[in-house]
Protein chains: 2
Amino acid sequence: MKVSYERVRTYLKDHNVNPSFNRVKIMEYLIDQKNHPTAEQIYKELKKDLPTLSKATIYNSINAFAGAGLVKTIMGEGKEAHYDAVVDPHGHFLCEICQGCYDFDLSNDKFEFAEIEGFIIKDKEVYLRGICKKCLEDN
Amino acid sequence: MKVSYERVRTYLKDHNVNPSFNRVKIMEYLIDQKNHPTAEQIYKELKKDLPTLSKATIYNSINAFAGAGLVKTIMGEGKEAHYDAVVDPHGHFLCEICQGCYDFDLSNDKFEFAEIEGFIIKDKEVYLRGICKKCLEDN
DNA sequence: TTCTCTGCAAACGCTTTGCACGGAT
DNA sequence: ATCCGTGCAAAGCGTTTGCAGAGAA
């Protein structure tokens, strides 16, 4: 389920993020990946195609995306941040063994409890922690 | 709503955490506080009573607590971790302005959606982000 | 030109670790 | 004597930042 370069380019431009080549590639990767990569993972993977790519550019780009609301940061088990291209509301399951990050559906009607009087709520996140199917089967 | 030193001591011992003086004081603080302190906050506050206290001891102690399941780590807006003595299930509201952390109730019946086939779920967390009442009133 | 992205390297800041001291059993 | 918590300082590590060079408009 690949997204075309041109489409990502437009997507960024529409959200007021200057669509440089690197940024498009990074966002493209974020959208295509299901596994919520860390900066390191993005770096390693994209470096195959973009040998001069630097970590600083990864972080700068992601911060630009996050500022535009296009990317969310997920803090998992380790100390590295995982990044998630924003799409529909969904929760995250974090495996304590493989440190993987899985999406799961959030049926929105069960999520409407989240209101606090006098507070402005801009974002809602649900995390589950435990052991994923794959790690259970492997043991 | 202070917890007695002796009670915290017993609490730690019952969970196989050696209840040293510092550890009891740190856990005492975590239980008494409503504001989910950072390591820095714990350090500053407890240093008034325990002038020789070091940051390393704070971290070591908290890690001991976390290993025993007595403390949860909350990643807020900043890069510092907030620590929360585990009690009843509740969610956390994170203010993007004052970076404060507020509890809110999680009526459990609305939280039961969280099941994934083939996965073991050990923990559930809900985060809300936005602007807290106090910051709204101050502006 | 002017603006901004890029990439290297250095800086930052939170957390962890090595090690020697000291108290408790 | 042994074990373990403590505290200082140093190391680690993910992330951010300063700055010069390159590219686009």
Side-chain angles (χ1 to χ4, degrees), chain A residues 5 8-9 12-13 15-30 36-44 46-68 70-84 99 101, chain B residues 5 8-9 12-13 15-30 36-44 46-68 70-84 99 101:
Chain A
Y5 180 92
V8 175
R9 209 183 114 83
L12 290 184
K13 213 188 312 190
H15 289 82
N16 300 310
V17 177
N18 202 335
S20 74
F21 184 71
N22 281 355
R23 286 183 183 170
V24 174
K25 298 299 281 182
I26 293 169
M27 179 54 89
E28 199 178 24
Y29 183 76
L30 280 171
H36 310 288
T38 63
E40 178 69 22
Q41 289 174 318
I42 301 170
Y43 178 68
K44 275 191 188 162
L46 290 187
K47 210 165 168 55
K48 296 175 186 170
D49 291 327
L50 315 170
T52 71
L53 184 65
S54 77
K55 275 269 194 75
T57 299
I58 308 271
Y59 285 113
N60 287 337
S61 301
I62 286 173
N63 285 340
F65 300 158
L70 306 181
V71 160
K72 270 192 201 176
T73 299
I74 304 168
M75 292 310 298
E77 298 291 324
K79 54 178 60 174
E80 293 163 88
H82 296 248
Y83 302 103
D84 185 13
Q99 311 223 347
C101 178
Chain B
Y5 180 92
V8 175
R9 208 183 115 84
L12 291 183
K13 213 187 313 188
H15 289 82
N16 300 310
V17 177
N18 202 332
S20 76
F21 184 72
N22 281 355
R23 285 184 183 169
V24 174
K25 296 300 279 182
I26 294 169
M27 178 54 87
E28 199 178 26
Y29 184 75
L30 280 171
H36 311 289
T38 62
E40 179 69 23
Q41 290 173 317
I42 301 171
Y43 178 68
K44 274 189 189 161
L46 290 187
K47 211 166 169 49
K48 296 175 187 170
D49 291 326
L50 315 169
T52 71
L53 184 66
S54 77
K55 276 267 193 77
T57 298
I58 307 273
Y59 285 114
N60 287 338
S61 301
I62 286 172
N63 285 341
F65 301 157
L70 306 182
V71 159
K72 272 192 197 175
T73 300
I74 304 168
M75 291 310 298
E77 298 291 324
K79 54 179 60 174
E80 292 164 87
H82 295 247
Y83 302 103
D84 186 13
Q99 311 223 348
C101 178

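Just so it is clear, the values below take in all heavy atoms, side chains as well, and ignore hydrogens, waters and symmetry mates. Letters go in sequence order (proteins before strands), and every chain restarts at 1.
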Euclidean distance, atom [atom1] of residue [X] to atom [atom2] of [N] [Å, nearest integer]:
X     : N      : atom1 : atom2 : result
B:I58 : D:dG7  : CD1   : P     : 9 Å
B:E80 : D:dG14 : CD    : P     : 19 Å
B:Y43 : C:dC14 : OH    : C1'   : 14 Å
A:F21 : C:dG7  : CZ    : P     : 11 Å
B:L50 : D:dC8  : CG    : P     : 12 Å
B:L46 : D:dT6  : CG    : P     : 12 Å
B:N16 : D:dC4  : CG    : C1'   : 15 Å
A:K44 : D:dG14 : NZ    : P     : 11 Å

Polar atom pairs between nucleotides 16-22 of chain D and protein, under 3.5 Å, N or O only, would you list them?
residue: D:dT16; atom: OP2; partner: A:N63; partner atom: ND2; Å: 3.4

Between B:R23 and B:P51, who's closer to the 5' end of DNA chain D by nearest nucleotide?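 On the 5' side of the pair lies B:R23.
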
Both B:T52 and A:T38 contact DNA chain D. Taking the nearest nucleotide for each, which residue is further toward the 5' end?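 Looking at DNA chain D, the more 5' nearest nucleotide goes with B:T52.
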
Min side-chain heavy-atom separation [X]-[Y] under 4.5 Å:
X     : Y     : answer
A:F65 : A:H15 : no
A:I42 : A:I62 : yes
A:R9  : A:M27 : no

Do you know the tightest heavy-atom contact between [X] and [Y]?
X     : Y     : answer
A:A68 : A:V17 : CB-CG2, 3.6 Å
A:H36 : A:H82 : O-ND1, 2.9 Å
A:T73 : A:A81 : CG2-CB, 3.7 Å

Does A:S20 make a side-chain N or O approach to OP1 or OP2 of D:dG23 shorter than 4.0 Å?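 It does not, given that no N or O in the side chain of A:S20 lies less than 4.0 Å from OP1 or OP2 of D:dG23.
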
Measuring to OP1 and OP2 of C:dT6, would you say a side-chain N or O of A:N22 lies under 4.0 angstrom away?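 Yes, such a contact exists.
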
Close N or O pairs between protein and nucleotides 19-25 of chain C (under 3.5 Å):
none

Given A:I26, which of A:V8, A:L46, A:L12, A:N60 fulfils the side-chain contact (heavy atoms from CB on, under 4.5 Å) condition?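 That would be A:L46; it is the only one of A:V8, A:L46, A:L12, A:N60 passing the side-chain contact (heavy atoms from CB on, under 4.5 Å) with A:I26.
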
Just checking A:K44: does its NZ atom have more than 12 heavy atoms from other residues, nucleotides or ligands closer to it than 6.0 angstrom?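 12 or below, so no.
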
Within the structure shown, what part of the strands sits under 4.0 Å from A:T57 by heavy-atom distance: base, sugar-phosphate, or nothing?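 The residue A:T57 makes base contact.
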
For the aromatic rings, using the six-membered ring if either is Trp, is the centroid distance between B:F21 and B:Y5 under 6.0 Å?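 Ring centroids of B:F21 and B:Y5 are less than 6.0 Å from each other.
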
